[in-house]
Novice: 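One structure, as structure tokens, below. Some questions next.
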Amino acid sequence: MGRLRTILYLASLAAALVFRPCPGYAQEAGAALPEEKVIAFEDKLHDFGDVLLSDGPLKCSFKFKNISDSPILINNIISSCGCTTPEWTRTSVQPGGTGSIEVTFANDQGAVPFDKTLTVYVTGVNRPVILRIRGYAHDKRVKLAESYPFHIGQLAFRAPSYSAGYVDQGLSRSDSFTVANISRRPLTVSLASPVPGVSMLLDRNPVPAQGTARMTVTFDSRAAHPQKWGKQNFDLAFDLDGRRAQGSFRLTFFVKDNFNDLSDAQIERAASPVPDQSYFEFGTVKAGKKVEASFRIRNTGSEPLVIHKVEADKAGIQLQGKCPVTIQPGAAAALKFKYDTSKMSGETAVVLTLITNSPAKPLLNLFLTGIIIK
């Protein structure tokens, strides 16, 4: 189990770093404001689509405007990969002024999909701004239907599902991806029926024959009553040229807590979950055994800790009790689980994600590991 445990630890550490402020940044920000009150990007995602390795380095530009009342400065940009190099406006941008971030992607990682992030630190913004570039690199040209192998009628997707990332409770989030029309005539696309809280927009509709369009999907968490937490799946059906097409496309958003309106003092006093152990190893068991596991969580913060929900990445595991779970400052509580191993075999790891009201640890991963034999 040592190798598996090491992998899970690194995955947990990487997830924690997503939400950890850059050292010194919070102090510099002072009375910083949310991004939407300071800086506006024309777009925060650039999709290169299908490219060839022979195309060489790829370039794109992210334009932004200062919508605040004070000058702003991009302090630093950190790339998720050395293959992605940013250059940006180095001088202060005055209120109403504009700037840009020029990005070069080396396009030398082989015939694989790529998805890279740029973490942008801006004065006056209380959190880094995340930009993304992505695309599909090929070593030779492929047919449209091969690049988009999941088909709903003549509307084609890269895969049967898409994860659109995190949305803060009480806010909305949009994400976009490319779809294709594999027919030889223009195709008009609409949702077959309303989906509460979800909307869809195409930048080209009808989608050109043997062409592509950018589909933007939006989820508004305010439409969910009562509040929903964690993974939210939506199966979207489509009307194509006014007729219902067979099949559906799964769209997923993940709802976490919203800390945008907290002051520095509130963040300092906020709840902080600390597990006595992050791993529960149940050893070697026969398939079908009901494994019982327990994790003790302490709240080392100065405000009550609320665990809104626990998400498991595998079926068969159940929390004994109900969420939300509230733990007072200085107190601890045990989270108990039962795991039905009947449908698993081999070396197994279950990731349990706690969705909390802690700004430092909005998502806390725990791991249930062991070996299941038949």
Novice: Whether the H138 and D50 side chains hold a donor-acceptor pair (N or O, under 3.5 Å, no angle test) is what I'd like checked.
Specialist: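 Yes.
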Novice: Does one hydrophobic cluster hold both M215 and L45, with members joined at side-chain heavy-atom distances below 4.5 Å?
Specialist: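 In one cluster: no.
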Novice: How long is the span from the CZ atom in F150 to the CG atom in L155, to the nearest 0.5 Å?
Specialist: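 Interatomic distance, F150 CZ to L155 CG, rounded to 0.5 Å: 9.5 Å.
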Novice: Do any N or O atoms from the side chain of N299 and from the backbone of P273 form a donor-acceptor pair under 3.5 angstrom?
Specialist: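 Flag not set: sc N299 to bb P273 has no pair under 3.5 Å.
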Novice: Taking all non-hydrogen atoms of both residues, which atom of N233 and which atom of K231 are closest, and how far apart?
Specialist: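 Distance-wise, the nearest heavy atoms are OD1-CG, 3.7 Å.
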Novice: Could you state whether V274 and L364 fall into the same hydrophobic cluster, counting links through intermediate Ile, Leu, Val, Met, Phe, Trp or Tyr residues with side-chain heavy atoms under 4.5 angstrom apart?
Specialist: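 No, because V274 and L364 fall into different hydrophobic clusters, even though each may have its own neighbours under 4.5 Å.
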Novice: For the pair K314 (side chain) and A349 (backbone), establish whether a donor and an acceptor sit closer than 3.5 Å, ignoring hydrogens and angles.
Specialist: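 Flag set: sc K314 to bb A349 pair under 3.5 Å.
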Novice: Closest heavy-atom contact between P359 and A270?
Specialist: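 In terms of heavy atoms, the two residues are closest at CD-CB, 3.4 Å.
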Novice: Does some side-chain heavy atom of P86 sit less than 4.5 Å from a side-chain heavy atom of I101?
Specialist: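 In contact.
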Novice: Roughly how far, to the nearest 0.5 Å, is the NE2 atom of H46 from the SG atom of C60?
Specialist: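 Atom-to-atom, C60:SG and H46:NE2 are 5.0 Å apart.
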Novice: Where do S68 and P95 come nearest, in terms of heavy atoms and distance?
Specialist: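 Distance-wise, the nearest heavy atoms are O-CB, 3.3 Å.
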Novice: State, yes or no, whether a side-chain contact exists between F177 and V217 at a heavy-atom distance under 4.5 Å.
Specialist: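 Yes - at least one pair of side-chain heavy atoms lies under 4.5 Å apart.
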Novice: Do you know which two heavy atoms are closest between R132 and D175, and how far apart they sit?
Specialist: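 It is NH1-OD2, 3.4 Å.
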Novice: Please check: side-chain N/O of D264 versus main-chain N/O of E268, any donor-acceptor pairing under 3.5 Å?
Specialist: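 Pair absent, no side-chain N/O of D264 close to backbone of E268.
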Novice: Side-chain contact, heavy-atom cut-off 4.5 Å: R127 with N260?
Specialist: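 Yes, close enough: below the 4.5 Å cut-off.
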Novice: Kindly indicate whether the side chain of I39, heavy atoms from C-beta on, has any atom under 4.5 Å from the side chain of V125.
Specialist: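 Yes - at least one pair of side-chain heavy atoms lies under 4.5 Å apart.
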Novice: Check this for me: does any side-chain nitrogen of one of D241 and R185 sit under 4.0 Å from a carboxylate oxygen of the other?
Specialist: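 A salt bridge is present here (some side-chain N lies under 4.0 Å from a carboxylate O).
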Novice: Looking at OG1 of T84 and CD1 of I78, how far apart are the two atoms once the value is rounded to the nearest 0.5 Å?
Specialist: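 Answer for the OG1-CD1 pair, T84 versus I78, is 13.5 Å.
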Novice: Would R269 and E303 pass as an ion pair if we require N to O under 4.0 Å?
Specialist: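 Salt bridge: yes.
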Novice: Please determine whether ring pair (Phe, Tyr, Trp, His ring centres under 6.0 Å) holds for the pair F253 and Y166, giving the CA-CA distance in whole Å, both sets of side-chain angles, and the decisive distance to 0.1 Å.
Specialist: CA-CA 6 Å; F253 285 88; Y166 298 102; over 10 Å; no
Novice: I'd like to know whether F157 forms a ring pair (Phe, Tyr, Trp, His ring centres under 6.0 Å) with Y148, so could you lay out the CA-CA distance, the side-chain angles of the two residues, the decisive distance to 0.1 Å, and finally the verdict.
Specialist: CA-CA 5 Å; F157 299 80; Y148 298 83; 8.6 Å; no
Novice: Counting neighbours of CZ on R90 that are heavy atoms of other residues, nucleotides or ligands and sit closer than 6.0 Å, is the number greater than 12?
Specialist: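 Yes, CZ of R90 has more than 12 neighbouring heavy atoms, counting only those of other groups under 6.0 Å.
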Novice: Please round to the nearest 0.5 Å and tell me the distance separating atom CG of D276 and atom CD1 of I297.
Specialist: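 D276 atom CG to I297 atom CD1 measures 7.5 Å (nearest 0.5 Å).
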Novice: Does G283 offer a backbone N or O that forms a donor-acceptor pair with the side chain of E281 under 3.5 Å?
Specialist: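 Absent.
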Novice: Give me the one residue out of I74, L131, T98, D43 that meets side chain to side chain contact (heavy atoms under 4.5 Å, CB included) with F64.
Specialist: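 It is I74, the one option of I74, L131, T98, D43 that forms the side chain to side chain contact (heavy atoms under 4.5 Å, CB included) with F64.
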Novice: Between N181 (side chain only) and V207 (backbone N and O only), is there a donor and an acceptor less than 3.5 Å apart?
Specialist: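 It does hold such a pair.
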Novice: Working note: L58 + V51, criterion side-chain contact (heavy atoms from CB on, under 4.5 Å); need CA distance, chi angles, decisive distance, verdict.
Specialist: CA-CA 9 Å; L58 307 173; V51 299; 3.9 Å; yes
Novice: Taking distance alone, no hydrogens or angles, what donor-acceptor pairs closer than 3.5 Å link side-chain atoms of residues 186-200 to residues at least two apart or in another chain?
Specialist:
none

Novice: For T326 and Q328, which I'm curious about, is there any donor-acceptor pair between the side chains at under 3.5 Å?
Specialist: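 T326 vs Q328: no donor-acceptor pair found between side chains.
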Novice: Can you find a heavy atom in the side chain of W229 that is under 4.5 Å from one in the side chain of Q169?
Specialist: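 Yes, side chains in contact.
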Novice: Give a yes or no on whether L354 and I317 share a hydrophobic cluster (residues Ile, Leu, Val, Met, Phe, Trp, Tyr; joining criterion: side-chain heavy atoms under 4.5 Å apart).
Specialist: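 Hydrophobic grouping puts L354 with I317.
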Novice: Taking all atoms of both residues into account, what is the closest heavy-atom pair of T356 and F259, and its distance?
Specialist: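 Taking T356 first and F259 second, the nearest heavy atoms are O-CZ, 4.0 Å.
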Novice: Quick one: does T89's side chain have a donor or acceptor within less than 3.5 Å of a partner on S100's backbone?
Specialist: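 Side chain of T89 to backbone of S100: a pair is present.
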Novice: Which atom pairs, one a donor and one an acceptor, fall under 3.5 Å between side chains of residues 103-110 and the rest of the protein, sequence neighbours left out?
Specialist:
| unit_1 | atom_1 | unit_2 | atom_2 | d |
| --- | --- | --- | --- | --- |
| T104 | OG1 | K59 | NZ | 3.1 |
| N107 | ND2 | L52 | O | 3.1 |
| N107 | ND2 | G56 | O | 3.0 |
| Q109 | OE1 | K116 | NZ | 3.1 |

Novice: Drop me the distance from F254's CZ to E311's CD, to the nearest 0.5 angstrom.
Specialist: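 The distance works out to 5.0 Å.
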Novice: Give the minimum heavy-atom separation between F295 and F367, together with the two atoms involved.
Specialist: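 Nearest pair, atom of F295 first, then F367: CZ-O, 3.6 Å.
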Novice: Quick test of your reading of the model: are E35 and K44 salt-bridged, counting only N-O distances below 4.0 Å?
Specialist: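 Here E35 pairs with K44 in a salt bridge, since their nearest N and O are under 4.0 Å apart.
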Novice: Hey, is the main chain of A333 close enough, under 3.5 Å, to the side chain of R296 for a donor-acceptor pair?
Specialist: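 Not at all, since once roles are kept as given, no pair shorter than 3.5 Å links the two residues.
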Novice: Checking T348 side chain against G346 main chain: does a donor-acceptor pair fall under 3.5 Å?
Specialist: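 At least one qualifying donor-acceptor pair exists.
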Novice: Check step by step if side-chain contact (heavy atoms from CB on, under 4.5 Å) holds for F114 and Y136.
Specialist: CA-CA 6 Å; F114 59 89; Y136 282 72; 6.0 Å; no
Novice: Within a strict 4.5 Å, meaning less than it, do heavy atoms of the F280 and F337 side chains meet?
Specialist: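 They are not in contact (no side-chain heavy atoms under 4.5 Å apart), so the answer is no.
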Novice: Is it the case that one hydrophobic cluster holds both I152 and V179, taking links as side-chain heavy atoms less than 4.5 Å apart, direct or via other members?
Specialist: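 Yes; tracing contacts between hydrophobic side chains, which count when under 4.5 Å, links both residues.
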Novice: Is Y121 reachable from I130 through a run of I, L, V, M, F, W or Y residues, each pair having side-chain heavy atoms under 4.5 Å apart?
Specialist: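 Different clusters.
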Novice: Could you walk me through whether E146 and L144 pass the side-chain contact (heavy atoms from CB on, under 4.5 Å) test, one step at a time?
Specialist: CA-CA 5 Å; E146 294 174 348; L144 193 65; over 6 Å; no
Novice: Is there a side-chain contact (heavy atoms from CB on, under 4.5 Å) between F48 and T178? Walk through the geometry before answering.
Specialist: CA-CA 10 Å; F48 287 102; T178 304; over 6 Å; no
Novice: Decide, yes or no, whether a salt bridge links D47 with R214 under the criterion of side-chain N to carboxylate O below 4.0 Å.
Specialist: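 No, this pair does not count.
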Novice: Would you say that R158 contacts S147 through its side chain, given a criterion of any heavy-atom pair below 4.5 Å between the two side chains?
Specialist: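 SC-SC contact between R158 and S147 confirmed.
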Novice: Given V167, which partner from the list N258, V255, T218 fulfils the side chain to side chain contact (heavy atoms under 4.5 Å, CB included) test?
Specialist: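 The residue from N258, V255, T218 that satisfies side chain to side chain contact (heavy atoms under 4.5 Å, CB included) with V167 turns out to be V255.
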Novice: For A224, is there any backbone N or O sitting under 3.5 Å from a side-chain donor or acceptor partner on Q227?
Specialist: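 No; judged by distance alone, with no hydrogens or angles, the pair does not exist.
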Novice: Check this for me: does any side-chain nitrogen of one of R244 and D239 sit under 4.0 Å from a carboxylate oxygen of the other?
Specialist: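 Looking at R244 and D239, the cut-off is not met.
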Novice: Between K338 and E292, is there a donor-acceptor pair closer than 3.5 Å when you use the side chain of the first and the backbone of the second?
Specialist: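 Not at all, since once roles are kept as given, no pair shorter than 3.5 Å links the two residues.
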Novice: Measuring from atom CG of L368 to atom CG of L352, what distance do you get when rounded to the nearest 0.5 angstrom?
Specialist: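 Reported to 0.5 Å precision, the distance equals 6.5 Å.
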Novice: When you check the gap from the basic side-chain N to the acidic O, do D69 and K37 get nearer than 4.0 Å?
Specialist: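 Judged by the 4.0 Å cut-off on N to carboxylate O distance, D69 and K37 do not form a salt bridge.
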Novice: In the structure I gave you, are the side-chain heavy atoms of K228 and H225 within less than 4.5 Å of one another anywhere?
Specialist: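 When only atoms from C-beta onward are counted, H225 and K228 do not touch, as no gap falls below 4.5 Å.
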